[in-house]
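Data first, discussion second: the structure below is written as structure tokens.
Note that the structure is predicted; figures quoted are calculated from it, not measured. So you know, we letter chains A, B, ... as the sequences are listed, proteins then strands, and number each from 1. Only this structure's heavy atoms are used, side chains among them; waters, hydrogens and symmetry mates stay out.
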Amino acid sequence: MVARGPVARIEGAVYTVGSIGAAVTKPVVRRVHSTALATLDVVLESRLAGDLVERVAASPLAVRALSGALEGPLVEAVARDLVRYRVAERLLSEGLVEQATARVLEGPELERVVETALESPAVERLMESAIESRLFDQAVVHLLESDDLWLLVEEIARSPAVTAAITRQSAGFADQVAGGVRVRSSRADAWVEQRARRLLRRRPAPPPAPEPP
Amino acid sequence: MSLAADRTGAARRPAVVAEPAVAIGATAYVGLVTRVIAFAVDAAVIQFVAIAVAGTFALILSVVSVPDELDPVIVAVGGAAYLLWLVGYFVIFWSATGQTPGNRLLQIRVCRAGDGATPSAGAALTRFAALILAALPLFLGFVPILLDDRRRGAHDMLAGTVVVAAPQRTDQ
């Protein structure tokens with residue numbers, strides 16, 4: 001057995017003391033740790049904590065802090081992290097975007113927004129610009145060249161409403177022609193009668209009675 | 001309201017009045033030209049139907065072989081059918097509503113001179129026969145239309161009828 005030097009004896013003693021200390025303090029530390037966490041839970045669940053948070057959030061200090069954060073490089077850092085940690089893909093894979101979209105589409109907010117947009121002068125100007133633009137002319141040309149348009153025209157022309165309208169127009173035209181013939185024939189009646197009576201030296205015909213209404 | 005009494009002595013009978021009778025002061029009697037046009041329309045209708053039917057039968061007979069001895073019979077039957085069609089056309093329309101299709105187009109109506117009612121079938125048949133007779137002497141039977149105050153032709157006088165204006169009601 002080799003005799004140990006003084007340094008080695010000191011190191012051994014320190015190690016032993018440390019081990020004993022750790023063995024003694026570990027349970028104490030664990031106990032303190034759990035107590036601290038329990039205390040924190042109680043504090044967080046307390047009404048006081050809620051009031052404190054509300055006051056801080058409503059305070060001008062919070063507003064200044066938020067403005068300072070947004071003004072600073074925080075926004076860019078968040079954007080970079082959103083990309084780095086693929087937040088968008090994760091949201092998409094969990095269907096959150098679909099849920100949010102469904103909520104927007106089903107809610108009354110979208111309808112209100114669309115109604116407001118349609119009534120706004122800006123949208124009106126936008127529509128006018130779109131109609132006057134070259135893009136609209138190209139769209140019209142393209143539409144005229146497409147076969148679908150003429151299929152649609154044919155379908156409309158064959159529809160019962162259109163054929164009924166054409167029939168009514170034709171009947172109206174025939175009525176108009178017949179009416180014109182009646183008027184002219186009535187005048188011709190009087191003219192022929194007048195000539196015949198004059199030729200045969202008969203008294204003039206009595207004035208014609210007005211046609212019944 | 002009624003028309004002036006007709007002197008033909010035609011028996012009166014209750015009849016369905018297609019149009020209300022009007023007083024003499026307000027009756028618009030129809031003259032020669034209008035009646036000729038209406039008659040021309042009726043003639044076109046009659047001839048169109050006759051030609052269509054005759055054409056159909058001719059087509060059938062062109063396929064079905066018929067002995068030559070039957071040709072006169074076929075012609076006679078065809079002639080009789082045409083005559084029946086011609087007489088029936090006028091008699092039925094005059095006695096039913098007083099208006100043939102040609103009359104309806106020109107908005108005129110044949111009615112009894114006494115009360116403005118629709119003529120009976122007998123009166124309609126008499127009128128048609130008188131119409132033929134009036135046309136025989138180079139249509140001289142129609143000259144009284146130009147001279148009579150009520151614009152009646154010889155056939156109207158014989159049948160006790162007049163022809164008046166009958167505008168269509170527009171109460172749709």
Side-chain angles (χ1 to χ4, degrees), chain A residues 118 143-144 147-213, chain B residues 1-4 17-42 44 98-99 101-109 111 116 139-153 162-172:
Chain A
L118 287 175
L143 185 66
L144 288 173
D147 292 333
D148 294 335
L149 173 68
W150 300 111
L151 281 173
L152 179 64
V153 168
E154 203 176 309
E155 198 59 40
I156 291 171
R158 272 205 300 256
S159 68
V162 170
T163 49
I166 292 172
T167 305
R168 275 198 304 273
Q169 280 288 89
S170 306
F173 177 68
D175 258 345
Q176 211 173 351
V177 169
V181 169
R182 282 193 295 272
V183 168
R184 282 169 173 74
S185 70
S186 180
R187 287 186 198 147
D189 286 340
W191 187 85
V192 169
E193 203 174 83
Q194 193 186 22
R195 293 292 179 278
R197 283 174 179 257
R198 199 179 293 174
L199 190 67
L200 296 172
R201 297 182 203 283
R202 298 287 292 267
R203 61 177 173 79
E211 290 195 6
Chain B
M1 294 187 296
S2 62
L3 295 172
V17 180
E19 293 282 344
V22 293
I24 186 170
T27 301
Y29 297 104
V30 179
L32 183 63
V33 176
T34 305
R35 290 161 75 165
V36 165
I37 295 173
F39 192 84
V41 171
D42 288 324
Q99 287 183 307
N103 289 0
R104 192 161 183 86
L105 187 68
L106 274 292
Q107 292 185 358
I108 62 177
R109 188 171 68 91
C111 60
F139 302 102
L140 282 177
F142 301 125
V143 171
I145 296 175
L146 302 173
L147 306 174
D148 185 53
D149 287 347
R150 287 191 286 174
R151 289 175 164 176
R152 293 176 300 164
V162 288
V163 180
V164 298
Q168 285 176 356
R169 290 197 181 107
T170 56
D171 53 351
Q172 291 174 6

Please report the interatomic distance [atom1]([X]) to [atom2]([Y]), rounded to the nearest 0.5 Å.
| X | Y | atom1 | atom2 | value |
| --- | --- | --- | --- | --- |
| B:Ile108 | A:Arg182 | CD1 | CZ | 10.5 Å |
| B:Ile145 | A:Glu193 | CD1 | CD | 9.5 Å |
| B:Leu146 | A:Gln194 | CG | CD | 12.0 Å |

Original post:
If you count the non-hydrogen atoms of other residues, nucleotides and ligands that lie under 6.0 Å from CZ in A:Arg202, is the total more than 12?
Top reply: no
**OP:** For B:Arg104, look at atom CZ and say whether over 12 heavy atoms of other residues, nucleotides or ligands are found less than 6.0 Å away.
**Re:**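 No, not enclosed.
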Original post:
Only one of B:Val30, B:Val36, B:Leu106 forms a side chain to side chain contact (heavy atoms under 4.5 Å, CB included) with A:Ser185, so which one is it?
Top reply: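 Result: among B:Val30, B:Val36, B:Leu106, B:Leu106 is the only option passing the side chain to side chain contact (heavy atoms under 4.5 Å, CB included) with A:Ser185.
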I need the minimum non-hydrogen distance between [X] and [Y], along with the two atoms involved.
| X | Y | answer |
| --- | --- | --- |
| A:Arg197 | B:Asp149 | NH2-OD1, 3.4 Å |
| B:Thr34 | A:Ser186 | OG1-N, 3.8 Å |
| A:Val192 | B:Val33 | CG2-CG2, 3.9 Å |

**OP:** Examine whether an atom of A:Arg184 lies under 4.5 Å from a heavy atom of chain B, and if so say whether it belongs to the side chain, the backbone or both; otherwise answer neither.
**Re:** neither
